[in-house]
Amino acid sequence: MTEKVFDVVVVGSCMTDLVSQAPRLPKAGETIHGHKFFIGFGGKGANQCIQAARLGVKTAMVCKVGKDFFGDNYIQNFKDNGVHTEFVKQSSDAATGAASITVDDAGENAIVIVAGANMLLGAEELQEALPAISHTKVLVCQLEISPQTSLQAMCMARDNKVKTIFNPAPAIPDLDPDFYRVSDVFCCNESEAELLTGTSVASVEEAHRAGQELLKRGCGSVIVTLGPQGCVVLKGGESTLKHVPAPVVTAVDTTGAGDSFIGALAFYMANHPHMPLEEMARRANLVAGVSVQDIGTQTSFPYRRDLPNEYF
Ligand code: ATP
């Protein structure tokens with residue numbers, strides 16, 4: 001087995017967003033005319049991988065797409081962003097994951113997600129990707145693929161002393177407790193923290209309390225992101241409140257901000273392993289803060305060349 005050395009490996013999802021803008025959302029059985037249509041690249045795993053790659057680290061994606069136009073297109077998108085695609089597998093058994101999104105003029109939306117080929121990523125593909133998973137500096141997982149596959153990938157990384165970031169999104173109420181044990185950094189947003197702890201998370205103090213509860217479950221550190229308020233950072237063995245504020249910016253579209261934050265965090269963990277987690281979170285806030293100032297998901301993620309030198 002040849003070694004594959006990457007800085008960041010992401011095991012996760014790819015989704016094609018099919019976005020229609022219309023004056024209003026259609027009722028059941030109704031057909032209406034929209035005024036704009038576009039196709040976007042999404043999926044939490046792919047988004048996070050692409051943000052890390054754009055900041056300038058060697059990345060590989062482990063995922064499954066369909067043997068279809070959208071799958072081919074997505075592989076090209078990875079290549080265009082410098083992401084290694086040897087572990088992006090294509091299946092004839094399901095279509096590439098897709099999100100059909102209708103947005104009305106008031107910004108209200110209706111979304112149907114079909115995970116498709118994402119749910120076919122399993123033990124066989126992880127085994128093939130083992131040379132990459134076991135030698136990377138950082139592994140990142142989420143929950144848009146089978147949770148069992150995510151957990152297995154995290155365990156493979158941990159067995160090889162690889163640092164792990166786990167993003168429990170979309171959150172599931174009965175998360176396997178082993179996820180906490182194998183997470184070096186457990187990074188979630190307010191609503192995920194609420195669902196996982198069963199407590200309200202609407203302020204910095206509440207996020208800190210929820211973070212303490214998550215920390216008790218066995219992860220190394222916890223980050224709870226708080227949109228324009230930045231995030232709170234909690235490390236095992238420390239009880240002081242560490243709130244890391246976000247830069248004050250004019251946000252035009254926050255879609256994918258959480259993925260930009262996690263991709264940036266993975267970048268800093270790989271590139272500056274000895275940097276305090278708080279400082280990594282401060283810099284990830286800055287990167288995600290740039291992403292909210294432009295529309296779209298991956299289209300808004302900054303490249304290294306867009307950011308000042310002090311971010312690196
Ligand atoms: P999404 O689901 O929209 O991708 P999320 O809910 O997972 O995002 P958030 O907590 O909303 O994640 O945002 C993640 C990070 O993005 C924040 O910690 C912050 O750094 C940045 N961010 C989000 N919204 C803003 C904003 N309005 N101004 C500045 N930074 C922001």
Side-chain angles (χ1 to χ4, degrees), residues 10 12-51 54 61 63-78 80-81 83 88 91 94-121 142-146 167-172 188-192 195 225 227-228 250-263 288 290-302:
V10 178
S13 59
C14 289
M15 298 273 184
T16 304
D17 294 338
L18 305 167
V19 186
S20 301
Q21 290 177 348
R24 60 181 177 79
L25 303 181
K27 298 190 190 98
E30 190 187 21
T31 302
I32 60 168
H33 280 279
H35 41 72
K36 193 176 172 194
F37 174 78
F38 62 90
I39 297 180
F41 294 108
K44 289 175 190 299
N47 291 344
Q48 294 170 12
C49 191
I50 281 172
Q51 179 62 89
R54 286 188 185 175
M61 184 74 197
C63 64
K64 200 165 238 187
V65 295
K67 211 172 249 177
D68 51 26
F69 165 78
F70 292 125
D72 294 344
N73 218 18
Y74 218 122
I75 292 172
Q76 189 56 46
N77 180 50
F78 281 131
D80 293 345
N81 280 281
V83 174
V88 179
S91 168
T96 300
S100 301
I101 305 170
T102 307
V103 185
D104 74 12
D105 286 347
E108 193 64 56
N109 60 37
I111 304 177
V112 177
I113 290 182
V114 180
N118 287 301
M119 297 317 277
L120 301 183
L121 186 72
Q142 322 71 24
L143 289 173
E144 270 184 353
I145 56 171
S146 142
N167 172 220
I172 46 177
C188 59
N189 67 14
E190 290 155 289
S191 56
E192 289 144 9
L195 193 99
T225 63
T250 306
V252 297
D253 180 359
T254 63
T255 318
D259 294 336
S260 173
F261 181 97
I262 289 171
V290 173
S291 81
V292 302
Q293 296 176 63
D294 210 342
I295 50 167
T297 307
Q298 290 178 19
T299 48
S300 71
F301 290 1

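Bear in mind that the values here come from a model prediction, so they are computed numbers and not experimental data.
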Taking atom types as modelled, find out whether [X] and [Y] have a side-chain donor-acceptor pair closer than 3.5 angstrom.
X: Q76; Y: D72; value: no
X: Q142; Y: D259; value: no
X: N77; Y: N73; value: no

Between [X] (side chain only) and [Y] (backbone N and O only), is there a donor and an acceptor less than 3.5 Å apart?
X: Q51; Y: P302; answer: yes
X: S300; Y: V292; answer: no
X: N81; Y: V83; answer: no
X: D68; Y: T96; answer: yes

Does the side chain of Q298 come within less than 4.5 Å of N47's, by heavy atoms?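 N47 vs Q298: side chains touch.
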
Quick one: salt bridge (Lys or Arg N to Asp or Glu O under 4.0 Å) partners of K44, sequence neighbours excluded?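 Partners of K44 under the salt bridge (Lys or Arg N to Asp or Glu O under 4.0 Å) test: none.
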
Could you tell me which non-hydrogen atom of R24 sits nearest to which non-hydrogen atom of I32, and how far apart they are?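 Taking every non-hydrogen atom into account, O-CD1, 2.9 Å.
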
Looking at A94 and A117, what are the two nearest heavy atoms and their distance?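 Distance-wise, the nearest heavy atoms are CB-N, 3.6 Å.
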
For the ring pair (Phe, Tyr, Trp, His ring centres under 6.0 Å) test, which of F70, F78, Y74, F301 pairs with F41?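 The passing option is Y74.
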
Would you mind telling me which of V103, N109, T102 makes a side-chain contact (heavy atoms from CB on, under 4.5 Å) with V19?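 With V19 as partner, V103, N109, T102 yield a single side-chain contact (heavy atoms from CB on, under 4.5 Å), made by V103.
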
For S20, give me all partners under side-chain contact (heavy atoms from CB on, under 4.5 Å), at least two apart in sequence or on another chain.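 In terms of side-chain contact (heavy atoms from CB on, under 4.5 Å), with neighbours along the sequence ignored, S20 is linked to F37.
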
